[in-house]
Number of protein chains: 2
Amino acid sequence: MSLYEGGEMARAKRTTKEKLLDAAEKLFARKGYHGTSLRQITREAGVDLALVNYHFGGKEKLFEAVLDRRGAMLNEERLRRLEEVCRAAAPRPAATEAVVGAFFDPILDFLEHAGPGWHSYFSLLAWVNNSPQWGKRLMGKTFNATVKRFIEALMDSLPKAAPEDIYWGYNFLTGALTLSLAETGRLDVLSGGLCRSVDVAALRARLGPFVAAGLRGLAQRGG
Amino acid sequence: MSLYEGGEMARAKRTTKEKLLDAAEKLFARKGYHGTSLRQITREAGVDLALVNYHFGGKEKLFEAVLDRRGAMLNEERLRRLEEVCRAAAPRPAATEAVVGAFFDPILDFLEHAGPGWHSYFSLLAWVNNSPQWGKRLMGKTFNATVKRFIEALMDSLPKAAPEDIYWGYNFLTGALTLSLAETGRLDVLSGGLCRSVDVAALRARLGPFVAAGLRGLAQRGG
DNA sequence: GTCTATAGCTTGATAGAC
DNA sequence: GTCTATCAAGCTATAGAC
């Protein structure tokens, strides 16, 4: 199973657990946790209603399992690339652009080369990240350890910046990223069709430069 | 009624309609549309369940009324400030920093000087903006006309930038803004308490510089 | 592991008295 | 405008047959 096929095997070979995860991922991404019922999920998965409780132990556990599945893969790939750019730059710290790239590129690569499951997953992640109900606990559980490594690397790359500036900068960075991943179609409407929410190449060309320049601007704030 | 008290009068003087809007705003912001029931809303408002249908015609209409109420005030204030900075700079175009300030400052002023209703409203807005279900239609209905004016002003301020860069830049800008408004508390956890999600002064000092630098970086992309 | 059947509860909406 | 009472539908979860 290649990196980019993670969790998206041919229909015939998927286990019941995977069918449920795939269906839940798709529907939770569209309508949120409370807006999706187990009946809709099991219908989409072609599986009996009672099997959610057998395999996962309830709706909320299923929700967390959906977030965990690809979150672990994302963390692995991000850390691999962070280590790569740090090693390439040693003994100097990696440049801001390189650190930011190690954070964004795994997502963009999954979106460009993998199946629709990753699109749903990232859209769901955007929703969770902006949710007062889920954001703090669920994002933290999956991503805090990795994010702290990236924040350290950003601080190393911008030694003149105050730590507060880097924390706020990370907040802006992840906000810009997650809205882009939500694929709401709003960008399409505003631009009259000139830009498309799902155009990963266009996003890749602009997100890194915007964020790196923004972080540098923060680091030189006032001086 | 001063600008900053909009919709938040003394408890005794509020009409039933306003009580319902205030309660719905607070609860929708915390748990989303599907996560909030009309029974919770009417209990919080101290009002009978049946009155939602009498005054608004259903749950979804109530939801849209919540978004409309303060959205109109926000648009007015944003356009007033945009005109101000454009007039001050004429005949040259207003600077990127000034346009971005006219877009952010009304929100930051409402958060700093007005009651908790505005916090709930902006938190709800963050959620709606990142929702595939609601984002395109509801954000567009309330904000498209105003946003188009700001995008034009941004294009004028950065004549070397391609229109696509400005549209994507606006997307990043609003993502950074809305995650900050969601007040999920995640920033507090990541920074070990050094930064606080609800610290409007800290946000004000950093959001404008980050975004303006990001937009300039986009405009000079590759060259 | 899977499926049937159902318990126990909450939901949004409304008819009709006042 | 307000309130009581209620309806039909949908919800999560589970006990128990296979």
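These figures come from a predicted structure and were not determined experimentally. Order of the sequence lines fixes the chain letters, A, B, ..., with proteins taken first and strands second; residue numbering starts at 1 for each chain.
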Exercise. If you pin Tyr54(B) and Gly57(A) to their nearest nucleotides in DNA chain D, which one's is more 5'?
Worked result: Tyr54(B)
For this session: Could you tell me how the ring of Phe103(A) sits relative to the ring of Tyr170(A): parallel (under 30°), tilted (30 to 60°) or perpendicular (over 60°)?
Result: perpendicular
For this session: Could you tell me which residues satisfy salt bridge (Lys or Arg N to Asp or Glu O under 4.0 Å) with Asp199(B), sequence neighbours excluded, listed by chain and number?
Result: Arg196(B)
Exercise. Where does the chain B footprint on DNA chain C start and end, counting 5' to 3' with a 4.0 Å heavy-atom cut-off?
Worked result: dT11(C) to dT14(C)
For this session: Only counting residues at least two apart or in another chain, list the ones meeting side chain to side chain donor-acceptor pair (under 3.5 Å) with Thr96(B).
Result: Ser157(B)
Polar-atom pairs under 3.5 Å, protein N or O versus N or O of nucleotides 4-6 of chain D: list them with distances, or write none.
none

Problem set entry | Contact residues, residues 58-66 of chain A to DNA chain D [heavy atom, < 4.0 Å] | Gly58(A), Lys59(A)
Exercise. More 5' along DNA chain C: Asn53(B) or Gln40(B), using each one's nearest nucleotide?
Worked result: Gln40(B)
Less than 3.5 Å apart, which donor and acceptor atoms pair up between the side chains of residues 134-141 of chain B and the rest of the protein, not counting sequence neighbours?
from: Arg137(B); atom 1: NH1; to: Glu64(B); atom 2: OE2; distance (Å): 3.2
from: Arg137(B); atom 1: NH2; to: Glu64(B); atom 2: OE2; distance (Å): 3.1
from: Lys141(B); atom 1: NZ; to: Glu64(B); atom 2: OE1; distance (Å): 2.8

Seminar exercise, completed: Across all chains, not counting sequence neighbours, the side chain to side chain donor-acceptor pair (under 3.5 Å) partners of Ser180(A) are Asn171(B)
For this session: Taking salt bridge (Lys or Arg N to Asp or Glu O under 4.0 Å) as the test, write out the residues that go with Lys26(A), two or more places apart.
Result: Glu44(A)
Seminar exercise, completed: Taken in chain and number order and not counting sequence neighbours, the residues that satisfy salt bridge (Lys or Arg N to Asp or Glu O under 4.0 Å) with Arg186(B) are none
Problem set entry | side chain to side chain donor-acceptor pair (under 3.5 Å) partners of His119(B), counting only residues at least two apart | Glu183(B)
For this session: Quick one: label Leu38(A) by what it contacts on the DNA or RNA (base, sugar-phosphate, nothing), any heavy atom closer than 4.0 Å.
Result: sugar-phosphate
Exercise. Can you list, by residue number, the residues of residues 23-36 of chain B that have a non-hydrogen atom closer than 4.0 angstrom to DNA chain C?
Worked result: Thr36(B)
Problem set entry | Val66(A) side chain reached by Phe56(A) side chain, heavy atoms, under 4.5 Å | no
Problem set entry | With sequence neighbours excluded, residues passing salt bridge (Lys or Arg N to Asp or Glu O under 4.0 Å) with Glu97(B) | Arg216(B)
